[in-house]
Structure formats: structure tokens, C-alpha cells
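Please read the structure below before turning to the comments.
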Amino acid sequence: MEIRPILSTLRRHKTAAALLALEVALTCAIVCNALFLIGQRIEAVGKPSGIDEDRVLEVRVNGIGSDANTYAITNEDLAALRAIPGVERASAINQLPFRRRGSWNTSLSLTREQEVPTLNAAQYMGTEDLVETLGLRIAKGRDFTADEYVDFARIGNEIDPTKATFPVLVTRAVADKLYPDGSTLGRTVYMGSTGLRVVGIVESLARPNTFQGPLTQQYSIILPVRLSYGEGFYAVRAKDPSRRKEILGAVVAALDKVAPNRLHDGQVTYEETRREYFQDDRAMAWLLVVVCVALLVVTALGIVGLASFWVQQRTKQIGVRRALGATRGQILRYFQAENFLLASAGIVLGMLMAYGINQLLMAKYELPRLPLHYLPIGAVALWLLGQFAVYWPARRAASVSPAIATRSV
């Protein structure tokens, strides 16, 4: 099919053709960036936490007034929790990955004198069985021994952290950052002036929040520091994920037997904690999906409307072509080719606009650069949409009878 007649026709309808191309360009620019943002949200929601998510429960209690025996009560609490049928492990912990309530973080350096820290990591602390409770996998080294745990209250009072050296577990991401040559295990690193001897490397443990960016999401360390129930909360590991709700129902009764005069601040599964943390990301992803669908529908309706208008205007011209021997297939392909040219012009402009919008988002909201593969995805989507939208008006044009050419004669 020759392109020249199509271009000649479009020149006679410059305004309508330009408006349709501009509509395609805007849709292309917005859809490309929206797909990129949707992909980011989906990636964020799917980030691994490193823990055994479907078996971990979160249990919070708070005391009324002051209690000098919080550590003794915590030990009784843990014993009561472990005695609940279906509970495999329990530990007091200061935080979990992907939770909205604050976070404990610290800086790590290779030497005490280092002015600029090597990295910033989430600082996890907990009682015995913490690694087993969360279902963490130690890739190298070992877990803490019983004599390496210290009470949080003793640090700074009985133990001078500037003179002591504590054992520490680090994630593989931290180990690779500290010593890329793989020699982190057994080394001593520094949390300020406090020495930390790396005794084990955990495969994965995410930070409590995603504010630090994806590159540092797995920067976490674990210290063998016992916490009381007032300094943290309880993490419970269920033997059978299907019994989690049943176990949560028994938690309150078990803790009330130990110390009834306490406030229960919530008992939830970790899945609920994670779902709450990422609810904004899911909502944003669905909102962007709705925006994309709405834009595509509006663009498709614009193509259908303009194509139908042109078919109505060119009815006699189409009849003449049919009378001169043009087949229905040729008429159909003519309108499809015309739409393809308009869509292509709009897509080229839309790609440039997509890049410009991404630069603006990068400057205003610190978003990463738009990957180039989103541009052809948007282009193909709009080409297919254009061909689908123009098919029915083009088919109606192809059905015009050659007799139309002689009606006004």
C-alpha cells in the first residue's frame, strides 16, 4: 500500500490528526511512567524479609507503672508462651522487618578512628532463640552461645560498651559491604567505639522500613542483648501456620497468668504486620492501574470517534475506490495504516515526553531513572490499542458498496 495518499489525506485534516497524535503522546508518556511506578510498588511489596513470615506472630504487652522485676517476668512470659500447644519458639525482640513503628539503627566502621562510617544498619536485639524464632538461616559461622547474652539494662551501668567487645551476627549484604573480599567472619568492626566481633553471617534479614532505599534494605545486624517486655515485644514461632489464630487466642490467657495487671497492646500475625506496612504501596499501584486503564479507554474512544467521523466524511470517496476495483481488505488496511502512522507520530513524541516527566520526577521525588524497556512496552500497547480501536470503523468503511459512488450522479 502506498503511503502518499494517506499522508495527503492527513494534510487535509491537520487539526484532527494533530489532536489525535497529541492524545496518543500524552497517553504514552503517562502510561510508561505509570507502569514504571507500578513495577516499583510491586517490587517493594514483594521484598523478602528474611524471616519465616507465615509462622511468626507478634505479641505486645505493657506494664502499668514501674516494675523492678521486668526481666524475671519476661523469663516467665517466655516460658508460658513456649508452653502453649503449637508454639515452637519464643523470644523478646526490639523490632521486626517492615513495620510502621520506628526503628533501631546504628553505624558500623572498620576502625574506631574512622570518621565516616562504612554503612548504617538496622540493629536487632533479642533473647535466646531469636534466630530460630524468626527462622533465619546462618550462611557462615554460628549462632550466639548462652553465655554471650547480656541484659540490656546492664549495658552502660555494669558493662562499659567502649571497653567491651560484643559478638554480632551480620547479614550477607553487610558482610559484603564491610569486606568485599569475603573475610568479614571473625573480624572486629565498630559501632562507634564499641567493638563487635562477627561470629556469624545471616543470609537475609530486612530492615524495619524502606526509607533508606533498596540498596541498603538488607543492612542489618543482630546483637545478643536480652530485652524485657517493657523494652521490646514478643516474637512467637508457630509449629503449624494454620494454627496461628488459635495460638493468638491462647497468648492473652498465658500472659495474664504470669502478670495479670498489664495492658495488651496487640497480638497479630507477621503477615498482618507486613500487609499493613505495604498497604499504601498496594493502594498506589491500584490507583495507577485505574489511571492507565482510564487513559487507554479515553484514547481508544478518541480513535474510534475520529475514525468513524472520517469514514462518514469519506463515504463517497470510499465508494469510488470500491467502484475502481479496491477490495474490502484494501480499504480495511488503508484505515489501519493511517491509524498506525498517527499512532507512531504520537508514540515518538510520547517517548520524549515520558523521558521529560521522568526527569521531573527524579528531581522532585528522587525516583530512579525510567528503564528504557518501558518505552517499547508503552509503544506496543498503544499500537495494538490503535489497531483494535480503528478496526470496527475500518470494517464499516470496507463494507461501503461501490454503488455509493453513483448515488449523487
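Positions are given from 1, in the same order as the sequence printed here. Worth knowing before you read on, the calculation uses all heavy atoms, side chains too, and leaves out hydrogens, waters and symmetry mates.
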### Query
Around Leu263, counting heavy atoms of other residues, nucleotides and ligands shown, do more than 12 lie under 6.0 Å from its CG?
yes
### Message
Do Thr216 and Asn120 make a side-chain contact, defined as non-hydrogen atoms from C-beta onward lying under 4.5 Å apart?
### Response
no
### Summary
dist Gln217:CD -> Leu205:CG (nearest 0.5 Å) comes out at 10.0 Å
### Donor-acceptor contact below 3.5 Å, side chain Glu276 vs main chain Thr273
no
### Residue pair Val298, Leu301: steps toward the side-chain contact (heavy atoms from CB on, under 4.5 Å) verdict
CA-CA 5 Å; Val298 170; Leu301 292 176; 5.6 Å; no
### Task
Ignoring hydrogens and angles, tell me if any N or O in the side chain of Glu148 forms a donor-acceptor pair with the backbone of Thr145 under 3.5 Å.
yes
### Query
Could you walk me through whether Ile221 and Leu108 pass the side-chain contact (heavy atoms from CB on, under 4.5 Å) check?
CA-CA 10 Å; Ile221 65 172; Leu108 295 181; 3.7 Å; yes
### Query
Looking at Phe166, does the NZ or CZ of Arg197 lie under 6.0 angstrom from its six-membered ring centre and within 45 degrees of the ring axis?
no
### Query
Roughly how far, to the nearest 0.5 Å, is the CG atom of Leu306 from the CG atom of Leu342?
7.5 Å
### Message
Quick one, Tyr124 with Leu223, criterion side-chain contact (heavy atoms from CB on, under 4.5 Å). Give me CA distance, side-chain angles, the key distance, then yes/no.
### Response
CA-CA 6 Å; Tyr124 287 88; Leu223 294 172; over 6 Å; no
### Message
Between Arg243 and Glu246, does any NZ, NE, NH1 or NH2 come within less than 4.0 Å of an OD or OE carboxylate oxygen?
### Response
yes
### Message
I want to check a possible cation-pi pair here: Arg60 against Phe233, using under 6.0 Å from ring centre and within 45° of the ring axis as the test.
### Response
yes
### Message
Contact between Val131 and Leu169 at the side-chain level, heavy atoms closer than 4.5 Å - yes or no?
### Response
yes
### Query
So do the side chains of Ile73 and Val258 get within less than 4.5 Å of each other, counting heavy atoms only?
yes
### Task
Taking atom NZ of Lys47 as the centre, report whether more than 12 heavy atoms of other residues, nucleotides or ligands fall under 6.0 Å from it.
yes
### Query
Is any side-chain heavy atom of Ser344 less than 4.5 Å from a side-chain heavy atom of Trp383?
yes
### Task
Could you tell me whether a side-chain N or O of Gln330 sits under 3.5 Å from a main-chain N or O of Thr327, the two making a donor and an acceptor?
yes
### Query
Can you say whether the rings of Phe36 and Tyr374 are parallel (under 30°), tilted (30 to 60°) or perpendicular (over 60°)?
perpendicular
## Note on the structure
SG (Cys32) and CG (Leu372) are apart, to the nearest 0.5 Å, by 10.5 Å
### Message
Between Arg237 and Glu132, does the salt bridge (charged side-chain N to carboxylate O under 4.0 Å, His left out) criterion hold? Intermediate values first, please.
### Response
CA-CA 8 Å; Arg237 179 181 175 88; Glu132 292 84 358; over 6 Å; no
### Summary
One should read off an interatomic distance between Cys28 SG and Leu349 CG, to the nearest 0.5 angstrom, of 9.0 Å
### Task
Quick one: list whatever passes side-chain contact (heavy atoms from CB on, under 4.5 Å) with Ala29, sequence neighbours left out.
Met353, Ala354, Ile357
#### Entry: Validation row: Leu227, Thr74 side chains within 4.5 angstrom (heavy atoms)
no
### Summary
In short, Gln114 meets Pro117 closest at the heavy-atom pair NE2-C, 3.6 Å
### Message
Quick check for you: to the nearest 0.5 Å, what is the distance between Asn33 atom CG and Tyr355 atom OH?
### Response
12.0 Å
### Task
Taking Tyr270 for its side chain and Pro97 for its backbone only, find out whether a donor-acceptor pair lies under 3.5 Å.
yes
### Message
Can a donor-acceptor pair be found, under 3.5 Å and without considering hydrogens, that links the side chain of Arg328 to the backbone of Val400?
### Response
no
### Query
Any luck finding a side-chain donor-acceptor pair between Glu58 and Thr269 under 3.5 Å?
no
### His264 and Asp256 side chains, donor-acceptor separation under 3.5 Å
yes
#### Entry: Note, Val168 side chain near Ile222 side chain (heavy atom, < 4.5 Å)
no
### Query
For the side chain of Asn358 and the backbone of Leu370, is there at least one donor-acceptor N/O pair under 3.5 Å apart?
yes
### Task
Provide the full list of side-chain hydrogen bond (donor to acceptor under 3.5 Å, both in side chains) pairs with a residue in residues 282-311, sequence neighbours left out, each pair given once.
Thr27-Thr299, Ser308-Arg396
### Task
Look only at the side chain of Gln95 and the backbone of Trp104, and say whether a donor-acceptor pair between them is shorter than 3.5 Å.
yes
### Query
Counting only N and O atoms by type, is there a donor-acceptor contact under 3.5 Å from the side chain of Ser220 to the main-chain atoms of Thr171?
no
### Query
For Gln312, does the CD atom have more than 12 heavy-atom neighbours from other residues, nucleotides or ligands under 6.0 Å away?
no
### Message
Within this structure, what is the OG-CG distance for the pair Ser103 and Leu96, rounded to the nearest 0.5 Å?
### Response
12.5 Å
### Message
With a 4.5 Å cut-off on side-chain heavy atoms, are Phe340 and Arg333 touching?
### Response
no
#### Entry: Atom CZ of Arg395: over 12 foreign heavy atoms under 6.0 Å
no
### Query
With distance as the sole criterion, is a donor-acceptor pair present between the side chains of Asn105 and Arg207 under 3.5 Å?
yes
Only pairs under 3.5 Å count here: list side-chain donor-acceptor contacts from residues 75-94, not counting sequence neighbours, and write none if there are none.
| from | atom 1 | to | atom 2 | distance (Å) |
| --- | --- | --- | --- | --- |
| Asn75 | ND2 | Tyr71 | O | 3.3 |
| Asp77 | OD1 | Arg262 | NH2 | 2.9 |
| Asp77 | OD2 | Tyr234 | OH | 2.6 |
| Asp77 | OD2 | Arg262 | NH1 | 2.6 |
| Asp77 | OD2 | Arg262 | NH2 | 3.3 |
| Arg82 | NE | Ala90 | O | 3.4 |
| Arg82 | NH2 | Ala90 | O | 2.8 |
| Glu88 | OE1 | Arg55 | NH2 | 2.5 |
| Arg89 | NH1 | Asp129 | OD1 | 3.2 |
| Ser91 | OG | Thr127 | N | 3.4 |
| Ser91 | OG | Thr127 | O | 3.2 |
| Ser91 | OG | Thr127 | OG1 | 2.9 |
| Asn94 | OD1 | Met125 | N | 2.9 |
| Asn94 | ND2 | Gln123 | O | 2.8 |

### Query
Do the side chain of Asp151 and the main chain of Ala153 share a donor and acceptor less than 3.5 angstrom apart?
no
### Student check: side-chain heavy atoms of Ile155 and Val150 closer than 4.5 Å
yes
### Message
For Leu19, is there any backbone N or O sitting under 3.5 Å from a side-chain donor or acceptor partner on Glu23?
### Response
no
### Task
Applying side-chain contact (heavy atoms from CB on, under 4.5 Å), run through Val225 and Tyr149 and close with a yes or a no.
CA-CA 6 Å; Val225 178; Tyr149 284 87; over 6 Å; no
### Message
I'd like to know whether Asp281 forms a salt bridge (charged side-chain N to carboxylate O under 4.0 Å, His left out) with Arg41, so could you lay out the CA-CA distance, the side-chain angles of the two residues, the decisive distance to 0.1 Å, and finally the verdict.
### Response
CA-CA 5 Å; Asp281 293 279; Arg41 293 297 185 272; 3.5 Å; yes
